[in-house]
Amino acid sequence: MATKQTKVLILGSGPAGLTTAIYAARANMKPILLAGLQPGGQLTITTDIENFPGFAEPVGGPWLMEQMQKQAENVGAEIVYDLAVKVDMSKRPFSVESDSGDLYLGETLVICTGASAKWLGIPTEKTFQGYGVSACATCDGFFFRGKEVAIVGGGNTAVEEAIYLTNHASKVTLIHRRDSLRAEKIMQDRLFANPKIDVIWDSVVDEVVGDSNPPSMNGLKLKNVKTGAISHLKVDGLFVAIGHSPNTELFKGELDMDDEGYLVTAPGSVATNVPGVFAAGDVQDKIYRQAVTAAGTGCMAAIEADRFLVMNGGH
């Protein structure tokens with residue numbers, strides 16, 4: 001079991017983590033970044049990114065994250081493909097135990113563990129997960145070429161993914177429990193203008209229907225939330241796009257969180273309630289949740305970590 005020490009220890013390798021690493025490395029703090037379960041974060045399951053500044057044409061999510069990672073390494077950050085399993089914030093240096101058994105010590109700690117997709121929570125959803133049920137249209141849409149699929153949700157992600165799925169599926173049905181969408185107006189206009197997309201309002205998925213051996217879904221049982229009426233929809237795939245949960249399980253009891261589990265940071269700052277511990281990206285942002293805002297808070301975290309070390313004799 002090896003022990004490594006750094007001035008800035010970063011957990012998570014999405015835009016927030018990698019931007020923290022870039023800024024910290026350029027400030028000569030020799031940061032170590034633990035890449036976590038999903039190196040590159042949520043952007044690695046995003047196909048075309050049109051809203052990250054600096055690119056005239058759409059760029060692929062995996063490519064963009066690869067560029068950020070190379071940039072971080074080129075300026076001196078150390079990226080380790082390992083996962084934090086235990087964190088001790090009771091004293092400095094903060095210590096993080098990794099899945100491989102190695103111990104990482106950080107004079108400061110920057111948490112960029114992001115958020116993960118939420119599921120519907122119905123038993124049959126789990127039965128057919130990977131056999132027709134998915135939480136990532138951009139990962140799995142390809143498998144439904146020429147087939148009919150459904151997607152659940154009403155925000156930007158659901159609408160974007162519904163439109164994306166029309167590249168593969170012959171028909172896409174968006175199911176929403178309310179009678180209007182939360183998505184941006186421009187996205188809604190694109191959705192309603194697409195001849196391949198139908199919308200079913202005021203409804204929830206009650207059950208995923210299919211054969212169990214081998215698992216293969218062939219439809220959905222839908223329930224109207226206003227009338228209670230049950231209907232059946234014949235589809236080969238179901239995509240769940242109902243939001244995200246922050247990856248903060250590791251920090252329960254150690255850091256202040258809101259009622260949804262997002263880390264609470266001081267206004268106009270990325271400082272948590274533990275001095276020297278900072279949080280950046282979707283783990284503390286449930287409002288914007290964009291790659292560019294995550295990168296922005298990553299920059300803030302590196303600058304604040306640097307200032308903290310100067311004030312506390314560590315830099």
Side-chain angles (χ1 to χ4, degrees), residues 12 14-16 37-38 40-52 58-62 64-65 112-122 125 129-130 132-144 149-169 171-194 196-201 203-205 208 220 235 237-247 260-262 281-295 297:
L37 262 186
Q38 189 180 12
Q42 292 178 77
L43 280 198
T44 55
I45 55 170
T46 308
T47 43
D48 285 352
I49 297 167
E50 296 179 45
N51 56 11
F52 199 88
V59 295
L64 183 60
M65 296 322 296
C112 309
T113 48
S116 299
K118 283 182 185 171
W119 294 94
L120 298 171
I122 53 174
E125 170 187 56
Q129 219 165 295
V133 176
S134 168
C136 178
T138 51
C139 318
D140 300 328
F142 178 78
F143 301 115
F144 296 91
V149 299
I151 184 160
V152 179
N156 275 351
T157 304
V159 171
E160 276 171 28
E161 294 200 345
I163 294 165
Y164 170 78
L165 285 166
T166 60
N167 296 329
H168 302 291
K171 183 184 171 191
V172 178
T173 304
L174 182 92
I175 301 157
H176 189 41
R177 60 186 171 171
R178 299 193 178 89
D179 57 7
S180 62
L181 301 171
R182 300 186 313 279
E184 290 168 23
K185 182 79 170 66
I186 189 169
M187 298 301 298
Q188 292 195 39
D189 291 345
R190 282 186 198 169
L191 180 94
F192 297 133
N194 196 309
K196 279 187 167 186
I197 300 175
D198 281 351
V199 181
I200 296 178
W201 302 107
S203 297
V204 293
V205 175
V208 182
L220 300 171
V235 284
L238 170 67
F239 291 88
V240 180
I242 56 168
H244 293 79
S245 299
N247 299 320
E260 290 172 70
Y262 286 85
D282 287 12
V283 76
Q284 53 83 242
D285 168 28
K286 61 183 177 189
I287 298 167
Y288 305 107
R289 298 194 300 107
Q290 300 298 307
V292 67
T293 48
T297 53

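Closest of all the heavy-atom pairs between Ser203 and Ile175 is O-CG2, 3.5 Å. Shown here for Met65 and Gly40, the closest heavy-atom pair between the two residues is CG-O, 3.4 Å. Summarising the geometry of Ile49 relative to Gly60, their closest heavy-atom pair is CD1-C, 4.4 Å, with the distance given to 0.1 Å. For Ala115 against His244, the heavy-atom pair with the smallest separation is CB-CB, 3.8 Å. Here the shortest heavy-atom pairing between Glu161 and Ala241 reads OE1-CB, 4.1 Å.
Here the CG-CD1 distance, from Leu165 to Ile163, works out to 10.0 Å after rounding to the nearest 0.5 Å. Note that the CD1 atom of Ile287 and the OH atom of Tyr262 stand 10.0 Å from one another [nearest 0.5 Å]. Atom CG of Leu238 sits about 10.0 Å away from atom CD of Gln129, to the nearest 0.5 Å. Interatomic distance, OG of Ser245 versus CD of Glu260, reported as 8.5 Å (0.5 Å rounding). In this structure, Ile151 CD1 and Ile242 CD1 are separated by 11.0 Å, a value rounded to the nearest 0.5 Å.
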Residue pair Phe142, His168: steps toward the side-chain contact (heavy atoms from CB on, under 4.5 Å) verdict: CA-CA 6 Å; Phe142 178 78; His168 302 291; 4.1 Å; yes

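Residues satisfying the salt bridge (Lys or Arg N to Asp or Glu O under 4.0 Å) test with Lys118, not counting sequence neighbours, are none.
If you check the side chains of Asn247 and Thr113, you find no donor sitting under 3.5 Å from an acceptor.
Between the side chain of Glu125 and the main chain of Leu120, a donor-acceptor pair closer than 3.5 Å is present. Judged by distance alone, the side chain of Thr44 and the main-chain N or O of Gln42 form no donor-acceptor pair under 3.5 Å. Between the side chain of Thr297 and the main chain of Gly281, a donor-acceptor pair closer than 3.5 Å is present. A donor-acceptor pair under 3.5 Å is absent between the side-chain atoms of Lys171 and the main chain of Ile197, judged by distance alone. The main-chain N or O of Glu184 is found under 3.5 Å from a side-chain atom of Asn156 such that the two form a donor-acceptor pair. Distance alone, capped at 3.5 Å, places no donor-acceptor pair between the Ser134 side chain and the Gly130 backbone. Side-chain atoms of Asn167 come within 3.5 Å of backbone atoms of Tyr164 as a donor-acceptor pair (strictly under, hydrogens ignored).
Side-chain contact between Val152 and His176: absent, with no pair of heavy atoms (C-beta onward) separated by less than 4.5 Å. Leu64 is listed as a side-chain neighbour of Phe52, based on a closest heavy-atom distance under 4.5 Å. Side-chain atoms of Asp285 and Thr293, non-hydrogen and from C-beta on, do get closer than 4.5 Å to each other. Counting only heavy atoms from C-beta outward, the side chains of Val208 and Leu220 approach each other to under 4.5 Å. Counting heavy atoms from C-beta outward, Pro15 and Leu43 have side chains that approach closer than 4.5 Å. At least one side-chain heavy atom of Ile200 sits under 4.5 Å from a side-chain heavy atom of Thr173.
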Less than 3.5 Å apart, which donor and acceptor atoms pair up between the side chains of residues 185-193 and the rest of the protein, not counting sequence neighbours?
residue: Lys185; atom: NZ; partner: Asp189; partner atom: OD1; Å: 2.8
residue: Lys185; atom: NZ; partner: Asp189; partner atom: OD2; Å: 3.4
residue: Gln188; atom: NE2; partner: Leu181; partner atom: O; Å: 3.3
residue: Gln188; atom: NE2; partner: Ala183; partner atom: O; Å: 2.8

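Summarising the local packing, CZ of Arg177 is surrounded by 12 or fewer heavy atoms from other residues, nucleotides or ligands at distances under 6.0 Å.
For Phe239 and Phe144, the distance between ring centers is under 6.0 angstrom.
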